[in-house]
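Worksheet for the structure shown next.
Quick note: residue numbers are just sequence positions, from 1. Treat the numbers as computed from the prediction; the structure is a model and nothing was measured. Note: hydrogens, waters and symmetry copies are ignored here, and every other heavy atom, side chains too, is used.
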Amino acid sequence: MNHWRKQLISLISACLILPVTSISAATSESNEVQSQVPIREMAEMNGAEVSWQQKTGQITITKNDITIEVKVGEKQASVNGQTLPLVHPVQLIKGVSLIDVAFLTEALKEAPEDIFISLVSQGNGVEAAKYIHTSVSGVLTPTLLSQLWASLEGQNGKITSQASAKRVVNNNVHRNVTYTFKTELTSLSITVRMNHDGLVDDLHIAAATPDVYQKPSYDHRSAYTEQAITIGEGELALPGTLTLPKGEGAFPVVILVHGSGPSNQDAAIGGAKPFRDLAVGLASQGIAVLRYDKVTYEHTYKVASQPKFTLKQESVDQVADAIQLLKKNPQIDTTAIYVAGHSQGGFVMPLIIEEDKQNEIAGTILLAAPSGSFVDVLIEQQDELVDRVKQLGLDTENVKLQADFYKNVAAIVKDPTYSLDLLPDSFPLGSAYWWYEQRDYVPSALAKTQNTPMLIMQGENDVQVSMQQFEDWKSALQGHSDVTFKSYPNVNHILSTYDGLSIGTEYAKPSNVSKAIIDDIAKWVLESE
């Protein structure tokens, strides 16, 4: 019989010889003890370590990313900084510290995402796959999971350590658990997206970068509120935020549509969060803003598993879902729903208008939007970058190699040999279907046939979408009286003012959307009502 059982029996025996008048209290004390266990014994059985500070009575229990702190006599515990209540105070009896058994069992339980990451790091894809939800099991296969860690190390250098404790962020769709790892060359961020059933629903892997973003001067927190919302439903539902001006509506609203690549609802890049800036800036001027995580960001691997995933599915369909959500909100003026697209989001704007069969969109705002075909813009973009790097007197070798790569992609896409029905056997950049599906789409040509009011805005220091694209919009829409054009000196592609010649490296520094852009959008929307 172990020490704990002997101690418990001795306590129970002591109760039997107490005066009758104390039986009730003694029984209560006995039950309390029985619902508690020795901290060190229980912790070590679960692979945790325990340290004890005799002077303060503080006990610290650590296991992987879990840190539990308790004090003798206190009826609460701290788990990774979060204070949680205990049913009974922590006790110290004959040198043995006792804690609620249910609490400690739950607190030391390994989360499924921790087990999953551990298995992936060991290359044990067969076991790791058991934690995958069926929605993504077709792409996160045992084979892929077995190779994933080695593949990451092949690209980024050997993973040497976990840089910090995991970070958990819940939204309306997923419980997002982010692990940051140091490698020999860089740092990696791996986000495991857990669904409500506690299974892995997707992954997001990116370079880990510090958040150096700074709020803009026009962010007046007292002027607005924020509500968590969900765009769409089912396996590709998206979490988002509705930023509402304070006061009584109904308010005009702007829906924000992302540029290319996976991006969160802030459109965060480097030290900038342009969609957050637009949201708080416009809300401070009486205009609601709806933004959401892009589908390729929230459902990265699910989307990758669809060989015929289209531009429409990526950037158009969510707008219809957003409109239907807004129409149910009494604080929104449903006659004043606007859509603003940045970069690729502006590129697809004519497609968004084409899908608006009920004419529910009052107007559109194009921010740094290409007017020509995607492949033509890609070629122009690379030439512009090479030219600017040369102007700055920097080494052009790497950017020329990059330019050659993308020009090769463009040449393959333009090759009339290939089509949606006959895709190239090997394609060097993502899904070939995505490229060929919209190969012949020219946004300015489609916009020419439409009559929804437009505000087209362009930074004159944009390395990714040139002023030539802006001029082409002007040429195509010169006969349209309901189109307004605005350009901004020194403004770069992420809509911030930059005094140097932009080549994109400045994106890493803290910056904000130009207030002139915020003001002009607000003025145009409010005057259009």
Apply ring-ring contact (aromatic ring centres under 6.0 Å, His included) to [X] and list each qualifying residue two or more places apart in sequence or on a separate chain.
X      : value
Tyr297 : His204
Tyr224 : none
Phe116 : none
Phe347 : Phe374, Tyr441

Please enumerate all residues that pass side chain to side chain contact (heavy atoms under 4.5 Å, CB included) together with [X], with sequence neighbours excluded.
X      : result
Asp404 : none
Glu355 : Lys312, Val316
Lys215 : Tyr213, Asp219, Arg276
Thr209 : none

Residue Gln391 excluded, over 12 heavy atoms near CD under 6.0 Å | yes
In terms of heavy-atom contacts, does NZ of Lys308 have more than 12 from other residues, nucleotides or ligands at under 6.0 Å?
-> no
List in chain and number order the residues that pass salt bridge (charged side-chain N to carboxylate O under 4.0 Å, His left out) with Asp482, two or more places apart in sequence or in another chain; answer none if no residue qualifies.
-> none
Considering residues at least two apart in sequence or located in another chain, which fulfil the salt bridge (charged side-chain N to carboxylate O under 4.0 Å, His left out) criterion with Lys414?
->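 Salt bridge (charged side-chain N to carboxylate O under 4.0 Å, His left out) check on Lys414 returns Asp376.
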Does the gap between the ring centers of His196 and His174 come in under 6.0 Å?
-> no
With no hydrogens and no angle check, is any side-chain donor or acceptor of Gln318 less than 3.5 Å from a backbone partner on Gln313?
->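 Indeed, once roles are kept as given, a pair shorter than 3.5 Å links the two residues.
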Asn492 side chain vs Ser502 backbone, donor-acceptor pair below 3.5 Å =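 No; zero donor-acceptor contacts below 3.5 Å.
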Do [X] and [Y] come close enough that some side-chain heavy atom pair is under 4.5 Å?
X      : Y      : answer
His342 : Leu366 : no
Met454 : Leu477 : yes
Tyr433 : Thr310 : yes

Could I get the full list of side-chain hydrogen bond (donor to acceptor under 3.5 Å, both in side chains) partners for Asn80, not counting sequence neighbours?
->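 For Asn80 there are no side-chain hydrogen bond (donor to acceptor under 3.5 Å, both in side chains) partners, ignoring immediate neighbours.
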Least distance between heavy atoms, [X] atom then [Y] atom:
X      : Y      : answer
Asp277 : Ile518 : O-CD1, 3.7 Å
Pro370 : Ala368 : CD-O, 3.7 Å
Pro443 : Pro350 : O-CG, 3.4 Å
Ala237 : Val173 : O-CG2, 3.6 Å

Can you tell which of Asn171, Thr230, Asn176 makes a side chain to side chain contact (heavy atoms under 4.5 Å, CB included) with Pro239?
-> Asn171
Parallel, tilted or perpendicular: which fits the ring planes of His258 and Phe275, with parallel below 30° and perpendicular above 60°?
->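 The rings of His258 and Phe275 sit tilted, inter-plane angle from 30° to 60°.
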Which residue pairs pass the salt bridge (Lys or Arg N to Asp or Glu O under 4.0 Å) test when at least one of the two sits in residues 433-452, sequence neighbours left out?
->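 Passing the test, one end in residues 433-452: no pairs.
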Is a salt bridge present between Lys302 and Asp202, judged by a nitrogen-to-oxygen distance below 4.0 Å?
->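 Salt bridge flag = yes for Asp202 with Lys302.
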